[in-house]
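Since the structure comes first, as structure tokens, the remarks are kept for the end.
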Amino acid sequence: MLDRRFVDELETDYTPTNAAGSVEPMQRPDHKAKKRGRPNGKPSYMRRFPKNPRDGEAVGGGHFVFRRGDSTGRIRPCMWPFEHPDFDSASNEASRLAGEHGGTFDVFSRSLSVSVTKDAAE
């Protein structure tokens with residue numbers, strides 16, 4: 001059988017350990033807990049935003065490597081895809097990834113770029 005005793009039967013200096021009957025003050029909450037995931041209050045995707053080109057990347061190079069899904073065949077690109085400086089670099093990366101991870105990797109190249117200046121639009 002369980003040995004159950006009431007609080008009155010215990011020693012006089014007994015302090016309950018559960019939250020409902022605790023006479024101890026609440027511990028100070030961890031204020032850093034919410035800030036650890038979001039430094040400087042920025043969303044997490046902005047933290048990883050590559051402001052400068054990564055090693056081997058050429059912004060404006062126009063060659064991208066994407067993996068096709070095994071079951072759907074769809075492409076699900078990441079938020080900041082790596083932009084290769086030339087077709088050979090992208091082709092080598094696709095071959096390396098296919099050998100390392102398996103699956104189908106496609107190389108896409110920019111075929112058209114259109115921009116409008118404010119003066120020409122008016």
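Each residue takes its place number in the sequence, starting with 1.
- Nearest approach of Ala90 to Val65, heavy atoms of both residues: O-CG2, 3.3 Å.
- Considering CZ of Phe64 and NE2 of His84, their distance stands at 9.0 Å, rounded to 0.5 Å.
- Between Gly56 and Pro85 the shortest heavy-atom distance is O-CD, 3.5 Å.
- Legend: side-chain hydrogen bond (donor to acceptor under 3.5 Å, both in side chains) pairs involving residues 105-114, not counting sequence neighbours, sorted by first then second residue: His63-Ser109, Arg68-Asp106.
- Leu97 and Val107 end up in the same hydrophobic cluster when Ile, Leu, Val, Met, Phe, Trp and Tyr side chains are linked at under 4.5 Å.
- Here the side chain of Glu83 pairs no donor or acceptor atom with the backbone of Glu57 at under 3.5 angstrom.
- For Phe66 against Pro81, the heavy-atom pair with the smallest separation is CE2-CB, 3.9 Å.
- Put simply, CZ on Arg67 and OG1 on Thr104 are 8.0 Å apart, with the number rounded to the nearest 0.5 Å.
- With values rounded to the nearest 0.5 angstrom, Arg54 atom CZ is found 9.5 Å from Trp80 atom CH2.
- Closest heavy-atom contact between Ala98 and Gly103: CB-O, 4.2 Å.
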